There are 2 protein chains.
Amino acid sequence: MSVSTISWEEGRVKIIDQTQLPHRLVWLYCGNLSSLWRAIKELKVRGAPVLGVAAALGLILGIKNSKAKDFKQFSKDLDRTIQYLSSARPTAVNLFWGLSRMRKVAYEHRNESIGRIKNILLKETFKIMEEDKRVCRQMAIYGASLIKNKDRILTHCNAGSLATVDYGTALGVIYKAKEQGKKISVYADETRPLLQGARLTTWELLRNKIEVTLICDNMAADLMQKRQVDKILVGADRIASNGDTANKVGTYALAVLAQAHKIPFYVVAPLSTFDLNLKSGKDVPIEQRKKEEVTHILGKRIAPPKVKVYNPAFDITPNNLITAIITEVGIFRKPYEKTLSKLAKRARE
Amino acid sequence: MSVSTISWEEGRVKIIDQTQLPHRLVWLYCGNLSSLWRAIKELKVRGAPVLGVAAALGLILGIKNSKAKDFKQFSKDLDRTIQYLSSARPTAVNLFWGLSRMRKVAYEHRNESIGRIKNILLKETFKIMEEDKRVCRQMAIYGASLIKNKDRILTHCNAGSLATVDYGTALGVIYKAKEQGKKISVYADETRPLLQGARLTTWELLRNKIEVTLICDNMAADLMQKRQVDKILVGADRIASNGDTANKVGTYALAVLAQAHKIPFYVVAPLSTFDLNLKSGKDVPIEQRKKEEVTHILGKRIAPPKVKVYNPAFDITPNNLITAIITEVGIFRKPYEKTLSKLAKRARE
C-alpha cells in the first residue's frame with residue numbers, strides 16, 4: 001500500500017501509468033487538462049473511485065490558469081472544464097460525482113475572490129483523496145467480516161489500490177482480511193480486452209504477498225463447477241437506486257454463474273459510485289470502445305481486418321444476482337429498492 | 001469449402017498450419033511421424049474430427065518405413081506408433097478412435113503380406129477422410145433443420161472446416177443453413193487463450209461470406225441479456241454415454257448462460273466423438289496446457305512472471321444443459337442416457 005495511484009505534486013497530477021504495468025512502474029505527470037483527459041481516455045488512470053479523484057484534480061488543472069476577474073467569468077471556465085472532463089468516459093459515475101462536488105464547492109464560495117476559490121478547490125481535492133483512503137478502509141472492514149479463513153476468492157478486472165488512491169474496493173476487502181490473519185487465495189480473471197486482471201490485479205496482489213492464480217475469463221465457470229471458488233468480489237462503475245450494477249464487461253456472466261453454483265456474489269463500492277437518480281441499470285450509459293482493443297493485443301493483430309466487433313466496456317448485473325453490496329456505511333442486502341432507499345433519502349437531504 | 005484442412009500428398013501429410021492464420025494461409029508438409037506429432041501437440045492441426053484423420057495419417061507415416069517381415073514384427077511397429085500418437089493430446093477422443101480403427105483394420109488383414117497391409121491401411125485413411133466429408137454434410141442437414149432465417153448464432157472456439165477435413169461440425173450447420181437460403185449472422189467468441197475463434201472462425205466465416213462479429217469471451221452474457229443471441233452451436237471433443245460433453249474451455253459457461261436466458265444450446269459432433277465406454281463427463285481426461293499460453297499472447301508477456309496459472313484446455317458441459325446433440329445419424333435429445341443407449345448398443349454389436 002506504499003504507493004499512491006494518484007497525487008498532486010508541484011502543480012501537476014502525478015499518476016501511475018497503468019498501461020505500462022506489470023512491466024514497468026512508470027509515473028506520468030499531467031501538467032495540463034488535455035494530457036489528463038487523454039490519460040483518462042486511454043486508461044492510463046482507470047477504476048471508478050480514482051476517476052472521481054482524477055476528475056477533481058483535472059478540474060484544478062482546467063481552472064488554474066483562469067484569468068477570470070469575477071465569479072461569472074470563472075464559472076464559465078469551470079463549466080467548460082467540467083464539460084470537457086465529462087466527455088472522457090461515460091459510465092463510471094464517480095467522474096461526474098467528483099466534478100459535481102467540486103462545482104458545488106465553487107458555487108458555495110462564489111462571493112470569495114477567484115484566488116481564494118482556487119485554493120478552496122485545491123483543498124477540496126485533498127479532502128476527496130483523504131476520504132477515498134478512509135472510505136476504502138471502512139468498506140474493507142465491513143467486507144472482511146464476510147470473509148473466512150482459507151476463502152478462495154474470484155475477482156474480475158481491477159478493483160484494487162490501482163482503482164483507488166491507495167487501497168482498493170474489492171481487493172481492499174482482501175487486504176483487510178489478510179491483515180486480520182486470514183489466509184486468502186485469489187483467482188484473477190484476466191479481463192479481456194484490456195487485461196486489467198492479468199496486468200494489474202496480479203501485480204498488486206503479488207506485491208502484497210497474496211496468493212493469486214491467473215485465469216482466462218472463460219475458465220471461471222470450470223472453477224465454480226469444481227467448487228474451487230468460495231466467493232466472488234467485484235467493484236462497480238455505477239450502481240442504480242435498485243442495486244443494478246454496471247461494472248467491467250464480464251461481471252454479469254460471473255453473477256449468473258455464481259447463482260447457478262450457489263456462490264455468494266459481492267459488489268464492493270463507495271457511495272460515490274451510486275447514482276440514486278437512476279431507477280435501474282437500464283438507464284446507465286455503456287461506453288462502447290474501439291474495435292482495435294479486441295482485434296489487436298499489445299499492438300499485434302489477432303483477427304482478420306474485415307471482421308466486425310462488439311466491444312462494450314461494461315455490462316449490467318441485475319440486483320437479484322447480487323448477494324450484498326458493501327459500502328463505507330455498511331452492508332446492503334435485498335430488496336435493494338428498499339434498503340438503498342435510505343441512501344437516496346440521505347442524498348436528498 | 002475449396003480447401004482441405006488435411007490431405008495425403010506424395011507420401012506426406014499436408015496440413016494448413018493453423019497457428020499462422022488469419023495472417024497467412026500456409027501449408028505444412030509432415031513427412032515423418034515426429035513432425036506430425038509436433039503439429040498436433042502445437043495445435044498446427046486441431047479440432048476433434050480432424051484429429052481422427054491426422055491420427056490415421058500419422059499411423060501411415062509411422063509404419064511406412066517398417067522393415068517388418070511378418071505381422072508379429074509389424075504389429076510391434078504399429079503399436080509403438082499408436083502409443084506415440086496417443087500421447088500427443090489426451091482429450092479429443094477422435095484421435096484414439098482413428099488409431100483404434102486403423103489397428104482393427106490391420107489385424108483384420110493380419111494374414112496378408114506387410115506390403116499389402118500398408119496399402120490397405122492407406123486406403124482406410126482415404127475412407128476416413130471421405131467419411132468425414134460425408135458425415136459433416138449429413139450432420140449439417142440435420143442441424144440446419146433447427147435453424148431459422150435471420151438466426152443470430154453464437155459459437156465458441158472453431159468447429160468449422162478447419163476442425164474437419166473441409167466442412168465443419170457447428171459451422172457446417174451454418175454453411176448448410178446458408179445454402180438453404182437462410183440469412184445467418186454469427187457471434188464468434190475469441191476463445192482465449194489460443195484465440196481459435198478470433199483467428200480461425202472469423203477467417204473461415206468471412207471466406208464463406210457469412211456475417212460474423214467477434215467478441216471477447218466475457219461479452220457473450222451481455223449479448224444474451226440483450227436478446228441478441230437466438231441459438232448457441234458448439235462442437236465437441238468427447239461425449240460420454242450420458243451426453244456430458246467435453247469441449248473447449250468456456251463452453252460450460254455458455255451452457256449455463258444459455259439455460260439462464262432460455263437460449264437453445266446445441267452440440268454438433270460426429271459419432272467418432274462419442275466415447276460410449278464413459279459413464280459421464282467426470283471420466284474424461286482434461287488436458288492441462290502450459291502456463292505461457294495464458295501469461296503470453298503472440299510471444300509477448302501480459303502478466304507478472306511469478307503469477308500462478310490455471311489453464312485447462314477443455315471443460316465439461318453436463319447433459320442437462322444441452323438442448324440437443326446433432327450427429328450424422330440424427331438429433332438426440334434428453335434423457336441422453338436413454339436416447340444415446342441405442343448408439344451404445346450399436347457400437348457393441
Side-chain angles (χ1 to χ4, degrees), chain A residues 22-23 156 187-193 195 197-199 202-203 205-206 211-223 225 228 248-257 259-261 286 291 294-295 297-312 314-316 318, chain B residues 22-23 156 187-193 195 197-199 202-203 205-206 211-225 228 248-257 259-261 291 294-295 297-312 314-316 318:
Chain A
H23 307 292
H156 190 66
Y187 287 107
D189 272 357
E190 65 173 0
T191 318
R192 277 281 286 151
L195 300 165
R199 297 188 300 104
T202 60
W203 181 82
L205 288 174
L206 287 172
E211 190 188 323
V212 54
T213 301
L214 174 64
I215 60 170
C216 297
D217 301 312
N218 64 25
M219 296 167 185
D222 179 70
L223 286 172
Q225 188 187 45
Q228 298 295 305
K248 179 56 57 195
V249 69
T251 303
Y252 169 58
L254 291 182
V256 173
L257 290 163
Q259 188 179 58
H261 295 87
I286 299 293
K291 170 180 172 171
V294 176
T295 57
I297 301 180
L298 300 171
K300 282 194 178 184
R301 174 179 288 285
I302 58 158
K306 283 184 191 162
V307 75
K308 281 173 46 172
V309 167
Y310 175 63
N311 184 20
F314 306 94
D315 60 24
I316 305 291
Chain B
H23 308 291
H156 191 67
Y187 287 107
D189 271 357
E190 64 174 359
T191 317
R192 277 281 285 152
L195 300 165
R199 297 187 300 103
T202 60
W203 180 82
L205 289 173
L206 287 172
E211 189 187 325
V212 54
T213 301
L214 175 63
I215 59 170
C216 297
D217 301 313
N218 63 25
M219 296 168 185
D222 179 69
L223 286 172
M224 294 188 217
Q225 188 186 45
Q228 298 294 306
K248 180 55 57 194
V249 68
T251 303
Y252 169 57
L254 291 181
V256 173
L257 290 163
Q259 190 180 57
H261 295 88
K291 171 179 171 171
V294 175
T295 56
I297 300 181
L298 301 171
K300 282 196 178 182
R301 174 179 289 286
I302 58 159
K306 282 184 190 162
V307 74
K308 281 173 45 172
V309 168
Y310 175 62
N311 184 20
F314 305 94
D315 60 25
I316 305 290

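The structure presented is a predicted model; accordingly, all values stated were derived computationally and were not measured.
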Residues passing the side-chain contact (heavy atoms from CB on, under 4.5 Å) test with B/A198, sequence neighbours excluded, are A/I302, A/A303, B/E190, B/L195, B/L214

Sorted by chain and number, sequence neighbours left out, side-chain hydrogen bond (donor to acceptor under 3.5 Å, both in side chains) with B/Q228 holds for none

From the list A/H156, A/K248, A/H261, the residue making the most non-hydrogen contacts under 4.5 Å with chain B is A/H261

Of the listed B/T213, B/I297, B/T251, the one with the largest count of heavy-atom pairs under 4.5 Å with chain A is B/T213

In short, A/Y252 meets B/A221 closest at the heavy-atom pair CE2-O, 3.4 Å

B/I215 and A/Y310 have their tightest heavy-atom pair at CG2-CB, 3.7 Å

_Side-chain touch B/M219/A/N311, heavy atoms, less than 4.5 angstrom_ = yes

Of B/P318, B/P193, B/A188, B/P305, the largest count of non-hydrogen pairs under 4.5 angstrom with chain A goes to B/P193

Answer key: most heavy-atom pairs under 4.5 Å with chain B among A/I316, A/V309, A/D315, A/V256 is A/V309

Of A/V212, A/V249, A/D217, the largest count of non-hydrogen pairs under 4.5 angstrom with chain B goes to A/V249

* Can you find a heavy atom in the side chain of B/P312 that is under 4.5 Å from one in the side chain of A/D222? -> yes

Interface check, chain A: of B/G197, B/A253, B/A220, most non-hydrogen pairs under 4.5 Å belong to B/A253

#### Entry: Flag if over 12 foreign heavy atoms under 6.0 Å of NZ, A/K308
no

Greatest number of non-hydrogen atom pairs under 4.5 angstrom with chain A, of B/L254, B/D189, B/L223, B/T191, falls to B/L223

So, the part of B/N218 with a heavy atom under 4.5 Å from chain A: the answer is both

With chain B, the option among A/K306, A/Q225, A/K300 that has the most non-hydrogen atom pairs under 4.5 Å is A/Q225

- [ ] Report yes if the side chains of A/V307 and B/L206 come closer than 4.5 Å at any heavy-atom pair, otherwise no.
- [x] yes

If one checks every heavy atom of B/Q259 against chain A at 4.5 Å, the contacting part turns out to be neither

